[in-house]
Asks: 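The structure's right below; bear with me while I get my questions together.
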Amino acid sequence: MPDDQGTRTPKHWLVKTEPDVYSIDDLKRDRVTGWDGVRNYQARNFMRDDMKRGDLVLIYHSNAKPPGVAGVGEVAKESYPDPTAFDRSDSHYDPKSDPENPRWMQVDIRFKRKLKRLIPLDELRDVPALAKMPLLQRGQRLSVQPVTKAQFERILTMSDNK
DNA sequence: GCCAACGTTGGC
DNA sequence: GCCAACGTTGGC
């Protein structure tokens, strides 16, 4: 039986953003934002096929000092074409993405909350229960990735219990 | 700023 | 379909 006939259990995700470009504070200010600019097929497929309204999302700051999980959002709108791919003036412009047959898709993410403190990457690495997170696998660079409910909740605990 | 690890592109 | 060259990611 399909698990999403109105009773689908929310899934959990982690998305990366460079805070110099777009931070958790920017998301807090905007309340909802289109998660545009993703130009990796595997990440796109997660957004296009698997991210559903109400899914919970860890917001991860990459290329930061330190890098780490900064907050929580939720999927506010499911997959639709990424308009930046059609915009010649945008740094993510892709001439191969045709509005008639869009190559790149995005979801909208709504701000839920900042963590009480940023959980640095180093600290995540120290937790055995998180060892299998895609984020912690050597060399991986996926900017949209699934996490398990247990991993998600564990990270929230790390923030809230100190 | 460096560079290792990836992903994509395009010639063949 | 191979694979070298190139571009990007992202921690350090």
Side-chain angles (χ1 to χ4, degrees), chain A residues 11-30 33-51 55-75 79-109 111-148 150-159 162:
Chain A
K11 290 186 178 171
H12 300 78
W13 304 94
L14 179 147
V15 299
K16 298 178 186 174
T17 183
E18 300 191 25
D20 289 349
V21 178
Y22 195 86
S23 71
I24 189 70
D25 289 322
D26 293 322
L27 181 60
K28 182 177 184 180
R29 178 198 64 216
D30 294 343
T33 196
W35 211 255
D36 59 26
V38 174
R39 295 293 179 269
N40 170 280
Y41 288 105
Q42 198 178 350
R44 177 207 63 184
N45 292 349
F46 282 131
M47 291 199 293
R48 185 190 62 191
D49 302 333
D50 299 323
M51 291 179 91
D55 281 1
L56 297 169
V57 182
L58 295 170
I59 309 294
Y60 177 84
H61 281 176
S62 62
N63 259 323
K65 293 178 185 172
V69 177
V72 182
E74 67 177 335
V75 177
S79 170
Y80 63 100
D82 179 342
T84 65
F86 309 135
D87 180 355
R88 287 177 184 280
S89 68
D90 194 281
S91 62
H92 298 291
Y93 174 62
D94 182 354
K96 293 174 190 158
S97 187
D98 179 343
E100 299 301 311
N101 185 24
R103 171 177 298 206
W104 302 114
M105 308 294 282
Q106 66 183 60
V107 298
D108 283 355
I109 292 184
F111 175 81
K112 279 186 79 83
R113 67 183 181 95
K114 281 181 76 167
L115 297 191
K116 289 180 183 169
R117 63 185 184 97
L118 181 131
I119 309 298
L121 178 60
D122 283 348
E123 205 167 318
L124 300 177
R125 292 196 192 284
D126 288 339
V127 180
L130 301 178
K132 291 186 175 169
M133 284 182 71
L135 180 74
L136 304 183
Q137 305 313 304
R138 142 174 211 278
Q140 77 75 35
R141 309 182 316 192
L142 254 190
S143 59
V144 176
Q145 53 182 260
V147 299
T148 68
Q151 290 161 352
F152 184 96
E153 289 174 351
R154 179 57 183 262
I155 290 171
L156 297 193
T157 299
M158 292 169 73
S159 154
K162 179 170 175 285

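Just so you know, these numbers use all the heavy atoms, side chains as well, and skip hydrogens, waters and symmetry mates. Note on naming: letters A, B, ... go to the chains in the order of the sequence lines (proteins, then strands), and numbering restarts at 1 for each one.
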Asks: Inspect the contact between A/Lys28 and A/Asp25 and indicate whether a charged nitrogen and a carboxylate oxygen are less than 4.0 angstrom apart.
Replies: no

Asks: Main chain of A/Leu142, side chain of A/Gln140: is a donor-acceptor contact present, judged purely on distance under 3.5 Å?
Replies: yes

Asks: Please report the distance, rounded to the nearest Å, between CG in A/Leu124 and P in C/dG11.
Replies: 11 Å

Asks: Quick check, are the ring centers of A/Trp104 and A/Tyr41 under 6.0 angstrom apart?
Replies: yes

Asks: Keeping A/His61 on the side-chain end and A/Ile24 on the backbone end, is there a donor-acceptor pair under 3.5 Å?
Replies: yes

Asks: Base contacts versus sugar-phosphate-only contacts with protein, heavy atoms under 4.0 Å: please encode nucleotides 4-9 of chain B as B, S and - from 5' to 3'.
Replies: -BBSSS

Asks: How many Å lie between CZ on A/Arg125 and P on C/dG11, as a whole number?
Replies: 8 Å

Asks: Side chains of A/Arg39 and A/Ser97: do they bring a donor and an acceptor to under 3.5 Å?
Replies: no

